[in-house]
Amino acid sequence: MREFSDSDTKRRLMTGAAGLMLLAAGFVVSVITGTVDISMGDMARIFTGVQTDGMYHVLMNIRLPRIITGAFVGVNLALSGAILQAVLKNPLADPGIVGVTAGAGLFAMAVMILLPSFTHMVPPAAFAGALVTSLVIYFLAYDGGAHPLRLILAGVALAAFLGAFMSCLTVLYSDRVQGTVNWMAGSLSGKSWIHVKMILPYTLLGLFGAGVGAKYLNILMLGDDVARGLGLSVERIKFLLTMLAALLAASAVSVAGLLGFVGLIVPHITRLIIGSDNRFLIPFSAVFGGIIVIFADTAARVVFAPYELPVGVVMAFVGAPFFLYLLSRSSRS
Amino acid sequence: MNFFSCENLSAGYGRKEVLKNITLSFEKGHIASVIGPNGSGKSTLLKCMGRLLKPSAGCVYLDGKSISSMTDSAIARNVGILPQSPNAPGDIPVHCLVAYGRNPHKKVLSSFTKDDRETVEWAMQATGLQDKRFVRLGQLSGGERQRAWIAMALAQRPQILLLDEPTTYLDIHHQFEVLELLEKLNTSCGLTVVMVMHDLNLASRFSGRLVAMKDGQVVLDGCAKGVLTEENIFDIFRVKSRIVDMDGSKAAMYMGVA
């Protein structure tokens with residue numbers, strides 16, 4: 001018996017091939033473009049170890065770690081969004097909904113403004129802030145079960161609450177706000193191999209966890225009653241998957257700052273292309289998440305060179321209109 | 001012996017008590033329908049029996065064992081339950097939905113075996129959906145979609161199937177299609193069926209036993225002939241009716257509430 005119809009299999013193979021090609025293309029384009037021009041030939045010589053001059057340093061220690069960090073940030077945010085959209089049964093859910101953005105933002109801002117000599121503590125502080133906030137939201141929303149609407153409302157309320165603290169900080173310490181702008185907008189500037197090492201374990205955990213969880217996400221999408229009828233321990237699985245999503249998003253924002261829209265848009269585009277089966281949606285979202293951040297960051301580096309935009313700004317430029325387009329489409333149908 | 005029963009079952013939502021001290025027992029291999037007016041607790045009873053809702057008091061027993069002591073997947077291997085008009089993304093193909101029914105038989109990392117495949121195949125055959133396997137749920141007719149959900153529940157290989165108004169939103173043809181399917185499964189595989197029904201005539205036509213509920217309590221319980229009388233219908237639904245006899249089977253004609 002064939003497992004899937006031919007047209008489904010064909011579309012998935014085509015999308016997969018296109019995705020991998022785009023990923024490779026994005027990688028190459030991102031490596032060779034920038035303030036220092038590196039040709040394809042230079043790139044080949046550097047990777048094969050023939051050439052070891054200043055260009056080697058630019059490529060291996062500046063561009064490459066930045067690209068890889070960006071790709072992992074994209075993967076984690078996209079996975080996080082894909083998981084949350086299925087758990088909350090809401091195609092407009094994103095990591096911000098479980099408090100990751102607000103929590104990470106406040107904690108990171110507090111460190112940058114109140115303890116400026118401890119800026120190396122920004123990533124762990126953002127990470128802790130994101131996780132603590134998402135836990136608080138989860139338990140505020142829990143009432144015999146984590147109902148999606150309650151989660152979303154609790155998330156919005158807590159985000160507004162933490163946002164008030166951030167506004168206080170910006171007003172009271174207006175002289176120090178300058179240093180936080182890049183982080184708050186999401187930036188991959190100056191990312192090194194340390195950041196790759198910081199985020200890699202979470203990317204691996206996320207790929208594994210979301211890969212295993214995909215079949216449960218599919219069942220959760222049938223509704224809590226049906227899922228329980230199929231023997232799923234619904235509340236336990238929802239909690240585990242939500243926390244995995246929070247962990248993934250927290251690891252991404254702790255490295256790159258508040259990078260919006262990837263977690264919302266990438267799973268959404270992917271769903272339009274390959275459908276809602278999470279066993280495919282999850283891995284494809286991960287690949288597309290990586291691609292989009294690589295391309296957006298390349299644009300952020302070169303469009304206004306020598307000035308560099310935070311990658312989050314580029315994402316929002318492209319992401320916000322796309323979001324509005326999705327919104328108008330879904331309200332029409 | 002008690003096959004599937006509940007004892008002193010009470011349940012509700014928040015502070016509102018919907019089920020009041022219900023004791024019932026269902027026999028193996030029978031079809032039973034639960035009837036009653038809106039808000040009488042039919043669906044709540046079904047949800048408690050299928051552990052979708054935790055009772056505030058009392059117990060549900062399966063083969064003499066309390067289901068609160070069983071794991072979620074152990075219950076799901078014995079009891080299939082379909083809520084009223086379940087919802088799924090419209091782009092799932094039929095065979096994928098049916099395959100979800102194998103979940104209670106799977107561990108976290110176990111793969112889909114030949115045995116699972118054969119069970120899915122059997123469930124699609126039994127519900128007449130073998131030619132629709134690659135059709136997406138959104139493209140099926142209402143009756144076919146309901147059959148797909150039943151196929152999913154069958155793939156669980158349950159002994160008991162609990163259905164909450166399986167014929168809602170279906171036209172007469174599809175209503176009969178679904179109920180005749182359940183009847184066929186009951187006779188051919190000995191599947192025990194307990195369903196909540198609104199249509200009294202269909203309920204009595206397809207089930208040997210009617211359980212009538214009102215205000216969270218069981219008010220009548222017996223064979224269709226005994227339960228479906230003019231007095232009983234008035235007592236339960238406040239509707240005047242006439243029972244007509246057609247070739248030995250009874251049907252209720254409703255005359256109005258005034």
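For the atom pair CD1 of B/Ile92 and CG of A/Leu222, the computed distance is 5.5 Å after rounding to the nearest 0.5 Å. A distance of 8.0 Å separates CZ of A/Arg236 from CG of B/Asp72, quoted to the nearest 0.5 Å. The structure places CG of B/Asn103 at 7.0 Å from NZ of A/Lys215, a figure rounded to the nearest 0.5 Å.
Minimum interatomic distance between B/Asp91 and A/Ser276 (heavy atoms only, all atoms of both residues): OD1-OG, 2.5 Å. Between A/Asp277 and B/Cys96, the shortest heavy-atom contact is OD2-SG, 4.3 Å.
With a threshold of 4.5 angstrom between heavy atoms, B/Leu162 does not approach chain A through any atom at all. In this structure, chain A has a heavy atom under 4.5 Å from the side chain of B/Lys47, while its backbone stays farther away.
Within a 6.0 Å sphere centred on NZ of B/Lys184, other residues, nucleotides and ligands contribute more than 12 heavy atoms.
Within the 3.5 Å criterion, the main-chain N or O of A/Gly231 finds no donor-acceptor partner in the side chain of B/Gln156.
No side-chain heavy atom of B/Tyr100 sits under 4.5 Å from any side-chain heavy atom of A/Val226. Put simply, the side chain of B/Pro89 does not reach to within 4.5 Å of the side chain of A/Arg271, judged on heavy atoms.
Note on B/Arg136 versus A/Asp8: salt bridge recorded, some NZ/NE/NH1/NH2 to OD/OE distance being below 4.0 Å.
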>> Between A/Leu230 and B/Met152, is the side-chain contact (heavy atoms from CB on, under 4.5 Å) condition met? List the steps.
In response: CA-CA 9 Å; A/Leu230 288 171; B/Met152 181 198 81; 3.9 Å; yes
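The most heavy-atom pairs under 4.5 Å with chain A, out of B/Pro158, B/Ala76, B/Ala155, come from B/Ala76.
Considering B/Leu82, B/Leu52, B/Ile81, B/Asp164 in turn, B/Leu52 is the only one that fulfils the side-chain contact (heavy atoms from CB on, under 4.5 Å) rule with A/Asp225.
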